[in-house]
Amino acid sequence: MADTVANHSTGLDSDHDWRVPAGGGVLLAVLGVLAILFPFVTGVSVSLLLGALLVIGGFAHVAHAFSVPGWTASLVQLILAVIYVVAGISLLANPVLGLTTLTLLVIAYLFVAGIFEIVAGLSMPREANGLWIAVSGVIGLLLSGLLWAGWPATALWAIGVLLGVNLIVSGVALLSVGSAERRVISDESATAA
């Protein structure tokens with residue numbers, strides 16, 4: 001009973017194999033490094049994947065159009081299907097153009113999110129450490145400005161590098177979870193002995 005309470009207090013399950021999150025973390029980190037080393041290939045791959053998903057989504061809207069009641073709802077679903085399929089085929093036909101569009105969307109996102117984070121961070125009470133939110137917003141604004149200043153050349157690498165950094169951070173996080181689970185298991189083995 002004491003072991004069960006100890007497991008719940010750490011939030012880690014000693015029956016869980018620590019190698020699963022650790023291995024997943026290593027895999028994600030390696031994929032992240034590859035994405036950073038080959039950002040253009042990564043960006044084009046993301047563009048192609050998004051195009052394929054949009055086409056599949058378009059077919060899903062067509063299927064849904066026949067199951068919704070009323071002709072107006074069916075018409076809306078068919079219009080959405082056309083938009084999805086046209087956008088998806090456009091990305092599949094010209095993934096580099098899609099990559100530039102995705103880069104513009106990332107620039108716009110970083111800009112808008114940066115402004116909102118600055119406003120939110122500065123309006124928070126001092127005790128809430130809102131300054132860190134504001135700093136995050138400033139970094140987002142700077143990053144959007146740098147990407148915009150180099151656009152369209154940044155379209156060749158921005159998506160791949162940003163995805164790579166995200167994969168590395170996620171991989172390191174999973175690796176740390178696996179490491180913590182391994183530590184809990186070895187501590188429980190030591191106390192049981």
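These numbers were taken from a predicted model, which means no experiment stands behind them.
Placement of Leu49 and Val46 in two distinct hydrophobic clusters is found when ILVMFWY residues are connected by side-chain heavy-atom separations under 4.5 Å, directly or transitively. Residues Leu80 and Leu75 fall into different hydrophobic clusters, defined by Ile, Leu, Val, Met, Phe, Trp and Tyr side chains chained together at heavy-atom separations under 4.5 Å. Val86 and Leu92 are members of different hydrophobic clusters when ILVMFWY side chains are connected at heavy-atom separations under 4.5 Å. One hydrophobic cluster, built from ILVMFWY side chains closer than 4.5 Å, cannot hold both Ile56 and Val62; they sit in different ones. Two different hydrophobic clusters hold Phe59 and Ile83 under the rule that ILVMFWY side chains link at heavy-atom gaps under 4.5 Å.
With a 4.5 Å cut-off on side-chain heavy atoms, Ile36 and Ile168 count as touching. A heavy-atom distance below 4.5 Å is not found between the side chains of Leu54 and Val85.
Formation of a donor-acceptor pair under 3.5 Å by the Ser45 side chain with backbone atoms of Val41 is found in this model. Side chain of Thr100 to backbone of Ala155: no donor-acceptor contact under 3.5 angstrom is found. Glu117 places a side-chain N or O within donor-acceptor distance of the main-chain N or O of Gly137, the cut-off being under 3.5 Å.
Minimum heavy-atom separation, Ser74 to Ala65: OG-O, 2.7 Å. Here the closest heavy-atom approach between residue Gly164 and residue Ala35 is recorded as CA-CB, 3.6 Å. Shortest non-hydrogen contact noted between Leu91 and Ser47 is CD2-OG, 3.6 Å.
The distance from the CD1 atom of Ile115 to the OG atom of Ser144 is 8.0 Å, given to the nearest 0.5 Å. Taking OG1 of Thr42 as the start and CH2 of Trp157 as the end, the distance is 13.5 Å to the nearest 0.5 Å. Remark: Thr103 OG1 to Trp151 CH2 distance equals 8.5 Å, nearest 0.5 Å. In this structure, CG in Asn94 is found 9.0 Å from OG1 in Thr101, a value given to the nearest 0.5 Å.
Pairs passing the ring pair (Phe, Tyr, Trp, His ring centres under 6.0 Å) check and including a residue from residues 74-117, sequence neighbours excluded, read His61-Tyr84.
In this structure, the side-chain contact (heavy atoms from CB on, under 4.5 Å) partners of Val106, at least two apart in sequence or on a different chain, are Leu110, Leu147, Ile159, Leu162. Taking Val44 as the reference, Phe40, Leu48, Pro95, Val96, Leu99 meet the side-chain contact (heavy atoms from CB on, under 4.5 Å) condition, with sequence neighbours excluded.
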- Task: Check the pair Trp148, Thr154 against side-chain contact (heavy atoms from CB on, under 4.5 Å), reporting the backbone distance first and the verdict last.
- Result: CA-CA 8 Å; Trp148 178 252; Thr154 54; over 6 Å; no
